[in-house]
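Working notes for the structure below.
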Amino acid sequence: QDQGTSTSGISEWKKRAPYKVHDKDSGFEVKYEANCHCGKVKYELGREKPLDSKLCHCTTCQVQHAAPFQWAAIFHKEDINFVSGHHDLEWYDPSSKSIAHHLPCKVRCSFCHSPIMDEGRNMILLFPSLVHLKTDEAKRMFKPRCHMFYGQRVVDVPDGLPKWSGLSGNSELIEDSPVEEVREVERKRKRDVEDE
């Protein structure tokens with residue numbers, strides 16, 4: 001699984017993050033609770049602020065979420081603890097169009113089919129709309145910081161956030177990206193060229 005291969009054995013995946021249930025004595029401190037639409041899958045998050053939060057406009061996200069874009073928050077695999085329902089999950093590998101647990105893959109509730117996360121080789125992308133963000137401060141922590149694959153968008157979002165044509169930081173800033181951010185990216189590129 002770590003190398004992107006399929007898991008073997010019926011319960012091998014249950015022993016590893018993100019599916020391994022944390023022991024009560026493990027020091028896992030609950031910051032947020034979340035659940036799928038039907039409530040069969042419930043989980044907790046042990047990190048207060050996501051490593052990043054982005055809006056993705058790629059066509060895969062559009063189709064998989066039946067929406068113009070996907071809101072994803074990035075966490076370490078150890079930051080999640082399933083309370084219930086991790087036996088009620090299903091996987092989908094969009095590359096091979098299979099339901100094998102082959103990384104990276106999409107993870108959903110097998111009953112209501114709510115998207116739970118995208119599981120990568122090292123990280124997970126959770127969907128903040130499932131997380132119970134009860135305070136303004138919690139909502140601020142999950143606020144998206146940029147748009148990715150904005151060149152594939154089906155709707156304009158004039159929100160002043162940086163908009164990348166592809167992956168954030170690895171593509172061109174486009175549209176209404178903040179001017180100072182565009183200038184800083186250009187300065188960094190010039191420094192990189194000079195350093196070579």
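Under a 3.5 Å cut-off, the side chain of S165 and the backbone N or O of G151 do not form any donor-acceptor pair. Panel note: side chain S171, backbone G166; a donor-acceptor pair is recorded below 3.5 Å.
A 4.5 Å side-chain heavy-atom check between S168 and P162 finds every atom pair outside the cut-off. For the pair V30 and L45, the minimum side-chain heavy-atom distance is 4.5 Å or more.
Within 6.0 Å of atom CD in E33, 12 or fewer heavy atoms from other residues, nucleotides or ligands are found, so the atom counts as exposed in its surroundings. Other residues, nucleotides and ligands contribute at most 12 non-hydrogen atoms within 6.0 Å of the NZ atom of K42. Annotation: L51, atom CG; neighbour count of heavy atoms from other residues, nucleotides and ligands within 6.0 Å is above 12.
A side-chain N or O of D159 and one of H147 form a donor-acceptor pair less than 3.5 Å apart. Using modelled atom types and a 3.5 Å distance limit, the side chains of N35 and H132 yield a donor-acceptor pair. W71 and S129 share no donor-acceptor pair across their side chains, judged by distance under 3.5 Å alone. Using a 3.5 Å distance cut-off with no hydrogens or angles, the side chains of E90 and H113 do pair a donor with an acceptor. Using modelled atom types and a 3.5 Å distance limit, the side chains of Y150 and E172 yield no donor-acceptor pair.
The aromatic ring centroids of H87 and Y19 lie 6.0 Å or more from each other. Aromatic pair F142/Y32: centroids less than 6.0 angstrom apart. Aromatic ring centres of H57 and F69 lie closer together than 6.0 Å.
Hydrophobic cluster membership is shared by L55 and L133, with clusters built from Ile, Leu, Val, Met, Phe, Trp and Tyr side chains linked at under 4.5 angstrom.
Atom SG of C112 is separated from atom CG of D88 by 10.0 Å, given to the nearest 0.5 angstrom. Within the model, atoms CE of M141 and CD of E137 stand 4.0 Å from one another, a figure rounded to the nearest 0.5 Å. From C105, atom SG reaches atom CZ of R121 across 10.0 Å, with rounding to the nearest 0.5 Å. One distance of note links CG of L125 with SG of C61; it measures 8.5 Å at 0.5 Å rounding.
The shortest heavy-atom contact between I80 and L126 is CD1-CD2, 4.0 Å. Contact detail for C56 and F149: the closest heavy-atom pair is SG-CD1, 3.8 Å. Minimum heavy-atom separation, P18 to M117: CG-CE, 3.7 Å.
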Can H101 and E119 be said to form a side chain to side chain donor-acceptor pair (under 3.5 Å), step by step?
CA-CA 10 Å; H101 186 209; E119 181 187 1; 2.8 Å; yes
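The cationic atom of K40 (NZ for Lys, CZ for Arg) lies less than 6.0 Å from the six-membered ring centre of F111 and within 45° of the ring axis.
The pair E194-R191 does not meet the salt-bridge criterion, since no charged nitrogen lies less than 4.0 angstrom from a carboxylate oxygen.
Of the options K54, H65, Q64, a side chain to side chain donor-acceptor pair (under 3.5 Å) to Q70 is made by H65 and by none of the others.
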